[in-house]
Amino acid sequence: MTSTAPETQRGQDAGDPLGEQPTSWQRRLRRFGHVPRPETPLRDRLDPPYTRPGWQVWSVLAIPPHVAERLVRWSAWGGPLLVTLVAGLLRFWRLDQPNAVIFDETYYAKDAWALVNQGYEGSWPKDVDKLILKDPSSVPIPTDPGYVVHPPVGKWIIGFGEQLFGFTPFGWRFMVAVLGTISVLLLCRIGRRLFRSTFLGCLAGLLLAVDGLHFVMSRTALLDLIVMFFVLAAFGCLVVDRDRSRRRLADALPVDEEGVLRPDARIAETLRLGWRPWRLGAGVMLGLAFATKWNGLYVLAAFGLMTVLWDVGARRTAGAARPYMAVLRRDLTPAFLSTVPVAIVTYIVSWTGWIVTDKGYYRNWAATEGKGSPWSWLPDWLRSLWHYETQVYDFHVGLTSGHTYESNPWSWLVLGRPVSYFYEEQAGCKESSTGKCAAEVLAIGTPLLWWLACFALAYVVWRWLFRRDWRAGAIACGVAAGWVPWFFYQERTIFLFYAVVFVPFLCLAVTMLLGAIVGPAAGTGARADLGLTSKDPTGERRRTLGAIAAGVLVLLIIWNFIYFWPLYTGTSIPEDLWRDRMWLDTWV
């Protein structure tokens, strides 16, 4: 079988030690019989091919070649769709349970209902949740504006599910579950494109499907899963844009008399890459991300820098002598215009309901308290919106009140302090030695997956720094964009479930590590120059052992997800079994 490991893509950017040109001393040594290691062709460095299962797989399964070809084509979408189907079944199973308003659903479910019915959030009376659960039709929507501290896109999305299925737990969780399921499909396809392997792409999606934090957040009407969806969609758009722009560069480069693609400094430095709609799509997705919660702004900045560096690598690989200057002249302005202004416009448009209804909180501030401002030449709605945003910012940075389940971002990767969304104790439980049963929804990642991710992140950073692997850098960027900003607000009340924004990138990191454990197929990939050939039994033995080790790790992660299933779904279990699952004292 051909390699599915990340090492199969060699020398992806110029400057990568696996893809550099022979030095002068190496050329001189050729006179004495020196044979240089194989070089990856320039086209494959700019536009790497996808790995394909070798003939051994199909021969073992007794599948004819023409049928195998169809299966390979089908698997590019069939595999991800199958993984997504499993993820969807898990997420929609008894989605209406627990039949309660859990954790911050008490804010977002009600704000969403008001938003989709009157265009702005209302000021709901206290203790109205029980009435909503009993008979939502008897609870009027408050017309007095409510002070809310998050932009409206996430609540519009939650409200759409409520419009479809009513003001019920299933209704307000429906769209979040839809986005959680689709995000698994996105990650399968993104992983496939990153690693050039359908198998590794599906593995990344499977890991996301069985992550406990992503699972719980997909079944709860909170905003963070929605932010994660738009961040992941933006990342996918940028990866597609990267592939297309590099392919365009490859198509423009000259071919010598032997049919070999050659670098060309003039073309690499002057070629305009033209219309890039996927980058524009990324701008829209990032705008929707921070129009759901403001932490999407940090992702916008990180991804903007990342995509510019990708352009630098592409032009360098194509032969540019001064790639940074070439990007500055040809790519920087289009990259900025297709992301930052697009994201800002998307954000402002998301406030349309608040703008046109003229009844939202602070909506008329410019015409009252804001009179006489030096900025009076601006539209009143824009000045009122700006004032609202400054007030919200002050609220967020000043939110230091203690909470039972708050946690420091340093502890997130090891799941130091998860958040209990729902807990209910039942007496008279005969199966328990204490006579009690417990039902809980605990927002916690699958422990074995997250603890393995700690090692995977170390591997990713090493591979980025010392192997110049752009994929490792992209994964590290996704994790950093969702995690690092919270270190600047450690005095603020923050929670572990904020980490769901970078969970897909943790799954990609684990996938990359597992691919390295499996190793490349003999005679292929980045280790072909070490002497492994198709007849090398040592290489085959190493790959077999690697595949067994990686398979065991994946099975353990799946088992761990199943073991914690009652804590993810609020299933009632004997208190003894509940305590058995409290692996750390800080989880109680």
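Source: prediction; values computed, not measured.
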[X]: which residues meet the side-chain contact (heavy atoms from CB on, under 4.5 Å) condition with it, sequence neighbours left out?
X: Leu253; answer: Leu42, Leu46, Leu261, Asp264, Ile267, Ala318
X: Leu328; answer: Met325, Leu332
X: Phe487; answer: Pro409, Trp410, Trp483, Gln490

Can you measure from [atom1] ([X]) to [atom2] ([Y]) and round to the nearest 0.5 angstrom?
X: Leu207; Y: Leu506; atom1: CG; atom2: CG; result: 10.5 Å
X: Lys155; Y: Ser350; atom1: NZ; atom2: OG; result: 9.5 Å
X: Thr446; Y: Trp559; atom1: OG1; atom2: CH2; result: 11.0 Å
X: Leu508; Y: Leu200; atom1: CG; atom2: CG; result: 10.5 Å
X: Leu179; Y: Ser218; atom1: CG; atom2: OG; result: 8.5 Å
X: Phe497; Y: Leu222; atom1: CZ; atom2: CG; result: 5.5 Å

Quick one, [X] and [Y] - any side-chain contact, counting heavy atoms below 4.5 Å?
X: Val184; Y: Val83; value: yes
X: Met228; Y: Phe502; value: no
X: Trp278; Y: Leu238; value: no
X: Thr569; Y: Val441; value: no
X: Leu213; Y: Ile444; value: no
X: Leu223; Y: Ile158; value: yes
X: Cys477; Y: Phe235; value: no
X: Thr198; Y: Tyr50; value: no

Taking all non-hydrogen atoms of both residues into account, name the closest pair between [X] and [Y] and its distance.
X: Leu337; Y: Pro341; answer: O-CD, 3.5 Å
X: Cys507; Y: Leu187; answer: CB-CD2, 4.0 Å
X: Arg315; Y: Ala268; answer: NH1-O, 2.6 Å
X: Ala516; Y: Tyr459; answer: CB-OH, 3.3 Å
X: Ile517; Y: Arg542; answer: O-NH1, 2.7 Å
X: Met217; Y: Val176; answer: O-CG1, 3.2 Å

Compile the donor-acceptor pairs under 3.5 Å between side chains in residues 279-287 and protein atoms, sequence neighbours left out, one pair per line.
from, atom 1, to, atom 2, distance (Å)
Arg279, NH2, Thr307, OG1, 2.9
Arg279, NH2, Asp311, OD2, 2.9

Residues forming a salt bridge (charged side-chain N to carboxylate O under 4.0 Å, His left out) with Asp251, sequence neighbours excluded: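 With sequence neighbours excluded, Asp251 shows a salt bridge (charged side-chain N to carboxylate O under 4.0 Å, His left out) to Arg43, given in chain and number order.
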Go through the steps for Ile558 and Leu206 under the test side-chain contact (heavy atoms from CB on, under 4.5 Å), then give the verdict. CA-CA 9 Å; Ile558 295 173; Leu206 177 63; 4.3 Å; yes
[X] side chain vs [Y] backbone, donor-acceptor pair below 3.5 Å:
X: Arg196; Y: Thr51; answer: no
X: Arg193; Y: Gly236; answer: no
X: Asp44; Y: Pro48; answer: no
X: Arg91; Y: Ala177; answer: no
X: Ser183; Y: Leu232; answer: no
X: Thr292; Y: Val153; answer: no
X: Arg276; Y: Ala335; answer: no
X: Arg173; Y: Phe92; answer: no

Within 45° of the axis and under 6.0 Å from the centre of the six-membered ring of Phe230, does NZ or CZ of Lys293 qualify?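 Relative to the ring axis of Phe230, which defines the angle, Lys293 lies outside at least one limit.
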Test the Arg192-Trp77 pair against the cation-pi criterion, namely NZ or CZ under 6.0 angstrom from the six-membered ring centroid and within 45° of the ring axis.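 No; the conditions do not both hold, so Arg192 does not lie above the ring face of Trp77.
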Using residues 448-455 as the side-chain source, report each donor-acceptor pair under 3.5 Å to any protein atom, sequence neighbours left out, with the distance given to one decimal.
from, atom 1, to, atom 2, distance (Å)
Trp450, NE1, Asp211, OD1, 2.6
Trp451, NE1, Val414, O, 3.2

Is the shortest side-chain N to carboxylate O distance from Asp47 to Arg246 below 4.0 Å?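 No.
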If the threshold is 4.0 Å, N to carboxylate O, is there a salt bridge linking Asp469 and Arg471?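 Between Arg471 and Asp469 there is a salt bridge, with a charged N closer than 4.0 Å to a carboxylate O.
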Between [X] and [Y], is the ring centroid distance below 6.0 Å?
X: Phe174; Y: Phe160; answer: no
X: Trp172; Y: Tyr108; answer: no
X: Phe215; Y: Phe561; answer: yes

Please determine whether side-chain contact (heavy atoms from CB on, under 4.5 Å) holds for the pair Ile182 and Phe229, giving the CA-CA distance in whole Å, both sets of side-chain angles, and the decisive distance to 0.1 Å. CA-CA 8 Å; Ile182 296 176; Phe229 175 82; 3.7 Å; yes
Whether over 12 other heavy atoms sit under 6.0 Å from [X] [atom1]:
X: Arg247; atom1: CZ; value: yes
X: Trp156; atom1: CH2; value: yes
X: Arg244; atom1: CZ; value: no

Side chain to side chain donor-acceptor pair (under 3.5 Å) evaluation trace for Trp294 with Tyr347: CA-CA 10 Å; Trp294 278 2; Tyr347 180 86; 3.1 Å; yes
Check the pair Trp462 / Val460 against side-chain contact (heavy atoms from CB on, under 4.5 Å), numbers first and verdict last. CA-CA 5 Å; Trp462 171 84; Val460 161; over 6 Å; no
Test applied, ring pair (Phe, Tyr, Trp, His ring centres under 6.0 Å); reference residue, Trp93; option that passes from Tyr568, Phe170, Trp565: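 Considering Tyr568, Phe170, Trp565, a ring pair (Phe, Tyr, Trp, His ring centres under 6.0 Å) with Trp93 is found only for Trp565.
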Check the pair Leu225 / His214 against side-chain contact (heavy atoms from CB on, under 4.5 Å), numbers first and verdict last. CA-CA 7 Å; Leu225 189 281; His214 186 274; 3.9 Å; yes
